[in-house]
Protein chains: 2
Amino acid sequence: MPIYNAPTKDIQFVLHDLLKVSEQDIPGFEDLDRDFTNAVVEEAGKVATEVLHPLNVVGDKEGCVMENGVVRTPTGFKDAFKQMQDGGWTAMDCDPEYGGQGLPYVMHTAAQEPFVSANMAFNMYQGLTHGAYSAIHAHGTDAQKQTYLPKMVTCEWTGTMNLTEPHCGTDLGLMRTKAVPNGDGGYKISGQKIFISAGEHDMADNIIHLVLGKIQGGPEGIKGVSLFIVPKFLVNEDGSLGARNGVTVGKIEDKMGIHGNSTCVMNYDEATGYLLGEEHKGMRAMFTMMNEARLGVGLQGYAQAESAYQNAVAYANDRLQGRAVTGAENPDGPADPLIVHPDIRRNLMDQKSFVEGARAFTFWGAYLIDRAHKNQDADADGLISLMTPVIKGFLTDKGFEYATAAQQVYGGHGYIEEWGMSQYARDARIAMIYEGANGVQALDLVGRKLALDGGKHVMAFFEMIKTFIKENEGKEALSKDFLNPLKAASKDLQAAGMYFMQNATKPNNALSGSYDFMHMMGHVCLGLMWARMAKAAMEALEGGASDTAFYETKIATGRYYMARQLPATAMHLSRINTGGDTVMALDAANF
Amino acid sequence: MPIYNAPTKDIQFVLHDLLKVSEQDIPGFEDLDRDFTNAVVEEAGKVATEVLHPLNVVGDKEGCVMENGVVRTPTGFKDAFKQMQDGGWTAMDCDPEYGGQGLPYVMHTAAQEPFVSANMAFNMYQGLTHGAYSAIHAHGTDAQKQTYLPKMVTCEWTGTMNLTEPHCGTDLGLMRTKAVPNGDGGYKISGQKIFISAGEHDMADNIIHLVLGKIQGGPEGIKGVSLFIVPKFLVNEDGSLGARNGVTVGKIEDKMGIHGNSTCVMNYDEATGYLLGEEHKGMRAMFTMMNEARLGVGLQGYAQAESAYQNAVAYANDRLQGRAVTGAENPDGPADPLIVHPDIRRNLMDQKSFVEGARAFTFWGAYLIDRAHKNQDADADGLISLMTPVIKGFLTDKGFEYATAAQQVYGGHGYIEEWGMSQYARDARIAMIYEGANGVQALDLVGRKLALDGGKHVMAFFEMIKTFIKENEGKEALSKDFLNPLKAASKDLQAAGMYFMQNATKPNNALSGSYDFMHMMGHVCLGLMWARMAKAAMEALEGGASDTAFYETKIATGRYYMARQLPATAMHLSRINTGGDTVMALDAANF
């Protein structure tokens with residue numbers, strides 16, 4: 001049985017030592033003192049460990065089952081979902097006007113991490129609801145908000161996002177789902193949507209589907225797509241549930257992982273839908289919450305790696321196999337624990353230095369979202385728009401890679417389902433695909449975000465690194481191990497950006513390097529996070545912090561990342577510089 | 001339903017254009033003319049595509065089932081196994097004295113690839129038997145050989161290898177399985193073995209288990225390990241089957257993949273066993289066929305990537321999504337096929353250039369095994385010993401990586417089991433673990449093989465590269481795109497070797513870089529293969545070969561590898577040069 005313990009101290013470190021949340025001039029942040037955030041994270045960790053984690057394997061083994069159109073979630077999910085509702089965990093950053101607690105998004109993110117680490121498939125029911133909540137909150141009429149939001153804040157009603165159809169995923173302009181005005185202001189929605197997470201289940205009284213479709217007679221392609229609210233049960237004027245709507249489950253998909261989440265084919269057969277936002281502006285409405293949704297998926301990536309890592313460490317300390325090359329470290333035992341072996345440590349340090357850097361990067365992103373929303377800070381908004389594809393693409397690629405690396409520590413025991421390590425890898429795999437496959441994230445980054453507002457945000461990012469280096473280069477402890485590698489990596493990144501600019505008229509050259517650029521930028525972001533965390537840890541030690549081992553470990557882990565991971569930027573740059581010639585050389589028939 | 005077609009042309013290219021098998025002075029190679037090898041590979045491909053491939057998904061879905069101690073393989077496996085026997089596919093490189101066809105190992109390897117690509121789990125029943133056959137052939141008495149080999153050559157009886165126990169895998173010195181002399185020259189074997197592939201099933205009349213155990217009163221640890229033949233049914237003097245032996249299946253493991261293979265817990269309860277080879281020399285006997293077994297696992301790695309790649313290409317040509325950035329390429333259709341997009345091509349070229357390089361590397365390894373065995377060539381034996389951990393470790397790491405990359409091309413459709421792409425990733429995953437986890441391969445490479453025979457073999461490898469470059473640097477077409485990158489990568493590899501030598505007294509420094517070194521060496525080997533293949537393709541074109549597209553594609557694919565994959569050596573070197581300080585910095589308690 002796998003273990004999971006919320007890394008409360010590490011989360012607190014990011015919130016306070018790194019981001020210094022309680023000192024920020026953002027409305028609501030003044031309440032985020034150490035005691036309060038600690039209490040929240042501790043409690044979230046307790047729920048994660050005691051309630052959600054034990055159901056992770058259950059969800060994987062049982063999956064969701066459909067009988068006569070009714071979907072049954074795995075044993076225990078319903079009770080656990082009730083506990084999440086009762087604990088107010090579904091409402092943390094929601095609008096108090098609709099029953100939310102109005103906490104900053106960064107705090108929501110800090111609480112989400114343990115939930116996702118403990119049970120990713122389970123947490124998606126709430127996660128999708130949160131996304132639908134945000135869309136209605138941003139684009140709904142007052143009446144729509146009053147009708148749906150209070151119940152969605154509590155997750156008494158859950159939500160879904162319906163984008164994909166059998167023949168189109170990324171290219172939504174091809175979609176066929178139709179909306180025909182029904183004469184009373186509503187629409188009749190018909191079509192088939194696939195891969196709908198939490199599409200149907202037994203944990204909520206109603207399910208509010210947000211469905212993209214084309215209003216008959218509207219513009220062709222993506223410009224004719226509108227967003228609709230399609231409740232499973234229509235809602236009466238008094239808020240009570242009315243007639244069953246024309247939406248049914250076609251089937252539950254058999255997936256590689258996240259078995260605990262019901263991924264459904266949804267059939268809409270003249271279902272009653274209500275326009276959300278403006279006609280033909282459905283994509284804009286969907287994209288409103290894209291930064292948050294993608295940040296949430298990036299979090300899934302590293303949160304699965306965190307869980308897998310915790311187990312790998314436990315196994316490496318427990319399993320006796322071989323002797324340390326420098327002499328027995330457990331001479332009275334039959335062998336030394338795995339953790340004495342350099343290559344096991346190399347593997348664990350890869351995982352550890354990634355997860356901790358990723359956490360800092362993700363929380364920083366959440367902080368930028370708060371700053372953008374609560375302070376109407378356009379620079380923060382631009383910066384998080386730039387970072388979003390990196391958080392999503394880089395953290396999910398690496399999250400899967402390291403969940404797999406953790407599995408490797410177990411040898412053959414990692415491959416059998418009994419130990420639970422296969423599930424982390426199988427679950428983490430989806431995060432690279434959904435919410436925009438990572439290749440699409442790379443395209444978004446290089447094709448759109450770099451040039452956004454005249455390249456202002458990427459320049460601001462470079463400036464931020466430069467300033468940080470300049471302000472700290474007098475500190476010897478930082479300079480050699482942290483600032484120099486950061487400077488080199490940042491230089492690589494700028495050179496790649498320069499290559500793209502010089503090849504602006506040869507888009508195949510730039511786009512052949514987009515994936516490498518996304519990874520390169522991910523490394524630079526984690527490098528920046530580690531340099532800042534090292535500085536924060538050094539300051540804590542200088543300030544006489546009592547837990548010296550914690551801070552020293554933080555610095556040593558950062559040093560590992562800077563020495564052994566960050567230099568990957570040079571490889572990515574060398575690939576980018578080869579352009580598109582070798583990539584595009586073959587005729588399609590010759591693959 | 002996934003597709004699979006044997007890459008006959010590519011296999012022929014490696015056998016003849018690259019390795020020039022029929023021109024080699026190795027006994028038996030003179031028969032390997034193009035017509036013969038083509039017929040064999042075509043026919044193997046036909047069996048793979050028509051018989052084995054359709055059962056791949058069946059095996060994954062049904063798995064093996066145990067009822068009352070009897071293991072049932074998936075629907076169709078039994079018939080297919082019979083067809084493999086009848087076709088003589090199990091006997092290709094076996095000794096004619098026992099019914100084999102006596103073909104070179106390189107030919108066996110060429111036929112194995114399609115089988116493994118089509119159905120890895122199925123092919124393991126034969127693969128394990130082949131391993132057990134080799135051990136008995138090398139170490140058995142005449143009587144043992146006469147008793148077991150003829151039936152194992154035909155796979156009427158299958159074989160297994162029993163090494164792992166619940167508490168020990170890599171460190172076999174810890175094993176507890178006991179052997180007590182039974183007074184008539186045999187032994188009573190008692191103990192539990194786990195992860196026994198093909199441990200029990202319904203496709204053979206008898207199963208010949210090779211079991212490692214300790215003879216009571218023998219030396220402690222690994223020096224007291226002996227190897228035993230433990231047949232499921234004892235064999236009477238006349239060759240007929242006798243009493244059921246004391247070996248039973250504890251359970252079938254629930255695994256991430258290779259569901260079609262019955263991975264068993266085997267319980268030995270005073271089972272009758274016969275010593276194979278010498279007392280206490282069991283490890284030596286096991287290691288005799290290690291090079292072949294590990295080469296076979298490396299083949300599994302790239303063969304799964306090959307299958308996944310074929311499907312990814314088909315999907316990328318079929319699926320319409322988005323428009324080419326340089327203008328519509330399918331203007332009459334609703335969208336362009338995925339394959340127009342640079343990042344999709346980048347992904348496919350990564351896969352293609354790896355698989356083709358890996359095939360060349362593996363076949364070259366098989367050729368070295370033939371040369372070592374059939375010509376008693378000690379240099380070839382040393383070289384393949386050096387290469388074995390690289391073939392196993394690098395090709396399975398990359399094979400899994402690219403099976404996963406192929407899955408990514410499908411977007412959400414890659415994650416659902418319906419399309420079959422998840423299976424390739426799940427099946428390929430095991431190859432990184434069994435037959436010595438890849439971290440152990442890296443340790444073997446850096447800790448043992450580099451220094452083997454005074455470092456003679458690695459020096460010979462460097463010399464081989466140097467000579468090749470020198471002999472060909474006059475050829476402009478090779479020089480810039482192939483020889484220069486190879487020279488740079490080889491220089492990186494030598495620098496890493498130098499670092500290890502300089503740190504001989506600080507083993508943690510070397511072993512912290514062992515995994516990077518294994519990958520670095522893998523890249524250099526594939527770089528060398530590509531340079532040679534490019535040369536061969538150029539020569540074929542100069543010689544007026546009619547299929548110019550084939551050879552030009554080969555060169556273009558090689559150019560991709562040299563430009564975009566090979567430079568990874570610099571990153572690995574930079575990591576190695578940081579030594580063990582950051583790797584070993586933490587106390588075990590601080591992970």
Side-chain angles (χ1 to χ4, degrees), chain A residues 164 169-171 174 195 253-256 313 317 321-322 325-326 334-335 339 342-343 345-346 348-349 352 408 411-412 415-417 422 430 432-434 437 439 442-443 507-508 511-512 514-515 549 553 556 559-560 563-564 567-568 570-571 574-575 578 580 582-586 588 590-591, chain B residues 164 169-171 174 195 253-256 313 317 321-322 325-326 334-335 339 342-343 345-346 348-349 352 408 411-412 415-417 422 430 432-434 437 439 442-443 507-508 511-512 514-515 549 553 556 559-560 563-564 567-568 570-571 574-575 578 580 582-586 588 590-591:
Chain A
T164 307
T170 301
D171 189 355
L174 302 174
F195 306 152
E253 301 286 4
D254 177 17
K255 308 184 300 292
M256 184 177 183
V313 169
N317 274 307
Q321 207 80 177
V325 66
T326 47
I339 203 161
D343 187 62
R345 278 179 175 254
R346 187 265 321 152
L348 294 176
M349 290 301 291
K352 181 176 173 64
Q408 188 73 12
Y415 196 66
I416 59 174
E417 296 292 347
S422 158
I430 188 57
M432 297 158 69
I433 297 173
Y434 62 19
L443 179 65
N508 280 340
L511 296 184
S512 292
S514 58
Y515 214 88
T553 298
R559 215 175 263 137
Y560 180 92
R564 294 183 67 104
M571 179 188 70
S574 81
R575 280 198 199 136
T578 65
T582 62
V583 176
M584 307 302 289
L586 299 189
N590 292 330
F591 273 89
Chain B
T164 307
T170 301
D171 189 356
L174 302 175
F195 306 152
E253 300 286 5
D254 177 17
K255 308 184 298 294
M256 185 177 182
V313 169
N317 274 308
Q321 207 81 177
V325 67
T326 48
I339 204 162
D343 187 62
R345 281 181 172 255
R346 188 264 320 151
L348 293 176
M349 290 300 291
K352 182 177 172 63
Q408 188 74 11
Y415 196 67
I416 59 175
E417 296 292 346
S422 156
I430 188 57
M432 298 159 69
I433 297 173
Y434 62 18
L443 179 65
N508 280 339
L511 297 183
S512 293
S514 59
Y515 214 87
T553 298
R559 215 175 265 139
Y560 180 92
R564 295 183 65 104
M571 180 188 70
S574 82
R575 279 195 200 140
T578 65
T582 62
V583 175
M584 307 302 287
L586 300 190
N590 291 330
F591 273 87

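Every chain is numbered from 1 and lettered A, B, ... according to where its sequence line falls, protein lines coming before strand lines. Everything quoted here is computed from the prediction, not taken from an experiment.
- Only the side chain of B:M571 comes within less than 4.5 Å of a heavy atom in chain A; its backbone stays farther off.
- By the 4.5 Å heavy-atom criterion applied to side chains, B:P567 and A:R575 are not counted as neighbours.
- Interface remark: B:Y515 contributes backbone and side-chain atoms alike to the contact with chain A (heavy atom separation under 4.5 Å).
- Of the residues considered (B:S574, B:G412, B:G580), B:G412 shows the highest number of contacts with chain A, using heavy-atom pairs under 4.5 Å.
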>> Set out, in order, the CA-CA distance, both residues' side-chain angles and the distance that settles side-chain contact (heavy atoms from CB on, under 4.5 Å) for A:I433 and B:Q408, then state yes or no.
In response: CA-CA 7 Å; A:I433 297 173; B:Q408 188 74 11; 3.5 Å; yes

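- With a 4.5 angstrom heavy-atom cutoff, A:D343 touches chain B via backbone and side-chain atoms both.
- Of the residues considered (B:I430, B:V313, B:N590), B:I430 shows the highest number of contacts with chain A, using heavy-atom pairs under 4.5 Å.
- Ranked by heavy-atom pairs under 4.5 Å with chain A, the first of B:T164, B:L443, B:L586, B:L348 is B:L586.
- The shortest non-hydrogen separation linking A:N508 to B:P342 is OD1-CG, 3.2 Å.
- Remark: B:Y415 engages no residue in a side-chain hydrogen bond (donor to acceptor under 3.5 Å, both in side chains) (not counting sequence neighbours).
- Atom-to-atom distance recorded for B:I416:CD1 and A:E253:CD is 4.0 Å, nearest 0.5 angstrom.
- Remark: B:R345 pairs with no residue by the salt bridge (charged side-chain N to carboxylate O under 4.0 Å, His left out) rule, at least two apart or across chains.
- Both the backbone and the side chain of B:A568 come within contact range of chain A, with heavy atoms under 4.5 Å apart.
- Across B:G411, B:A570, B:A442, the residue that shares the most heavy-atom pairs under 4.5 angstrom with chain A is B:G411.
- Between A:R346 and B:L511, the closest side-chain pair of non-hydrogen atoms is not below 4.5 Å.
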> Can A:T553 and B:F591 be said to form a side-chain contact (heavy atoms from CB on, under 4.5 Å), step by step?
Replying inline: CA-CA 8 Å; A:T553 298; B:F591 273 87; over 6 Å; no

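- In this structure, the side chain of A:Q321 engages the main chain of B:D171 through a donor-acceptor pair within 3.5 Å.
- When heavy atoms are compared at a cutoff of 4.5 Å, B:S514 approaches chain A solely by way of its side chain, counted from C-beta outward.
- Atom CE of A:M349 and atom OG of B:S512 lie 10.5 Å apart (nearest 0.5 Å).
- In terms of heavy-atom pairs under 4.5 angstrom with chain B, the leader among A:A549, A:A588, A:A335 is A:A588.
- For chain B, the option among A:A556, A:G322, A:A585, A:A437 with the highest count of heavy-atom pairs below 4.5 Å is A:G322.
- For B:I339, the part lying under 4.5 angstrom from a heavy atom of chain A is the side chain only.
- Annotation: maximal heavy-atom pairing with chain B below 4.5 Å, among A:T578, A:L174, A:D254, occurs at A:D254.
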